[in-house]
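Note sheet for the following structure.
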Amino acid sequence: MEEKDTLQKLKILREKLSIPLDVAMQLLKENDGDVFICEQEFHKNNLNTICRLAECDEIIAKKYYQICNFDIEKSIKKIHQRLFFLTTTPKETIDKIGFILWAENERLDTYVTSRDRSLFIQTKDFDYIIDAFKSVFPIIDQKGTITDKHFSTTSSNFFDNKTSRIIVNRMSRIKTKNPNVEAFLRDLIKWFNIQLRYADTIVVYGNL
C-alpha cells in the first residue's frame, strides 16, 4: 500500500474500532489493507476470546458483546453474572420464588466463572435440601457467639467454608429414587465443591 493510502485506511479503521495504532497496522498488514475484513477479523477474535474466557458458545458471546458495545471485559462480566437455574424439572416453568446462592471471598469479593456463577433454586426444589441447611443452626462464630439462630427464607444466610462443607456432606446423604432429584443433588454438590476451593462464604438469599 502507498503511504497516503495506508494512513487513510489506518484513520478509517481506528475510527471504526477505537484501537491502538500498532494494532490497526497489524490488522491491515494481515488482511492486505482491506478495512472491512480487518473489522470483521477484529470482532471475530474478540468473540473467540469471550467464548474461551467466559466458557460460552458464540451465540451468547455475540449477544453480550453487542449489549456491552463491543467491550470484551464488560461482556465477560455480564455473562458471568447470569443466574443459573438449577431445578429437578427442567422442562417446566421456573417459579420466581426461591433462593439465590452465590460465593464470596474476602480478598476477591464475589468471584465467578461460567461454572461458578450464582444459582437460583425455586422453593419446591429447595425443599429437598432445606433440612441440610437448617441442621447447622444455630450458627456459632469462632468466639463462641451465636450469630444466627434460624435459617431465614426471607433474607440472607451466611455459611463459612467449614459450615458449608458440613452442609454438602449432609446433602450427599439424601436418598432418593427420583433420577431428576438425583441429578439436581449431584449438580448442586458439584457447584458447592467448586466454590469451596476458594470461597470464604456461601450466601443463600431467600426471596419468599
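What you see below is based on every heavy atom in this structure, not just the backbone, and it leaves out hydrogens, waters and symmetry mates.
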For this session: Of all the heavy-atom pairs spanning Q122 and T93, show the shortest one and how long it is.
Result: OE1-O, 4.2 Å

Problem set entry | Residue pair N46, F70: steps toward the side chain to side chain contact (heavy atoms under 4.5 Å, CB included) verdict | CA-CA 8 Å; N46 284 352; F70 311 115; 5.8 Å; no

Exercise. How close do P138 and I146 get, heavy atom to heavy atom, and via which atoms?
Worked result: CB-CG2, 3.9 Å

Problem set entry | Within 6.0 angstrom of M171 CE, more than 12 heavy atoms from elsewhere | yes

For this session: Could you walk me through whether Q26 and D22 pass the side chain to side chain contact (heavy atoms under 4.5 Å, CB included) test, one step at a time?
Result: CA-CA 6 Å; Q26 185 63 30; D22 59 336; over 6 Å; no

Problem set entry | With F126, the ring-ring contact (aromatic ring centres under 6.0 Å, His included) member among F133, Y205, F120 | F133

For this session: Would you check if the side chain of N45 reaches a backbone N or O of E41 as a donor-acceptor pair within less than 3.5 Å?
Result: yes

For this session: Report, as yes or no, whether the 6.0 Å neighbourhood of atom CD1 on I59 holds more than 12 heavy atoms from other residues, nucleotides or ligands.
Result: no

For this session: Output yes when K124 and E92 qualify as a salt bridge under the 4.0 Å nitrogen-oxygen rule, no when they do not.
Result: yes

Exercise. Can you list the steps and then say if N161 with R165 is a side-chain hydrogen bond (donor to acceptor under 3.5 Å, both in side chains)?
Worked result: CA-CA 6 Å; N161 192 291; R165 292 181 185 278; 2.7 Å; yes

For this session: Using the side-chain hydrogen bond (donor to acceptor under 3.5 Å, both in side chains) rule, take T163 and D160 through it: C-alpha gap first, then chi angles, then the decisive distance, then the call.
Result: CA-CA 5 Å; T163 304; D160 62 27; 2.7 Å; yes

Exercise. Which word best sums up how the rings of F151 and F99 line up, parallel for under 30°, tilted for 30 to 60°, or perpendicular for over 60°?
Worked result: tilted

For this session: Locate the shortest heavy-atom distance separating N207 from G98; write the atom from each residue and the value.
Result: OD1-N, 2.7 Å

Problem set entry | Smallest separation among heavy atoms of I139 and V136, with atom names | CD1-O, 3.6 Å

Exercise. Got a sec, which residues hit side-chain hydrogen bond (donor to acceptor under 3.5 Å, both in side chains) with K74, two or more places apart in sequence or on another chain?
Worked result: none

Exercise. What do the steps show when you test R52 against N48 for side-chain hydrogen bond (donor to acceptor under 3.5 Å, both in side chains), and what is the final call?
Worked result: CA-CA 6 Å; R52 183 173 64 254; N48 287 338; over 6 Å; no

Seminar exercise, completed: Residues A103 and I202: closest non-hydrogen pair is CB-CD1, 3.9 Å

For this session: Measure across C38 and L27 and return the closest heavy-atom pair with its distance rounded to 0.1 Å.
Result: SG-O, 3.2 Å

For this session: Please indicate whether E15 has more than 12 foreign heavy atoms, meaning atoms of other residues, nucleotides or ligands, lying under 6.0 Å from its CD.
Result: yes

Exercise. Given L47 and Y65, is the side chain to side chain contact (heavy atoms under 4.5 Å, CB included) satisfied, shown in steps?
Worked result: CA-CA 7 Å; L47 286 171; Y65 185 53; 3.7 Å; yes

For this session: May I ask you to check whether over 12 heavy atoms, not counting those of E58, lie within 6.0 Å of atom CD?
Result: no

For this session: Check the pair L86 / D125 against side chain to side chain contact (heavy atoms under 4.5 Å, CB included), numbers first and verdict last.
Result: CA-CA 9 Å; L86 188 60; D125 292 323; over 6 Å; no

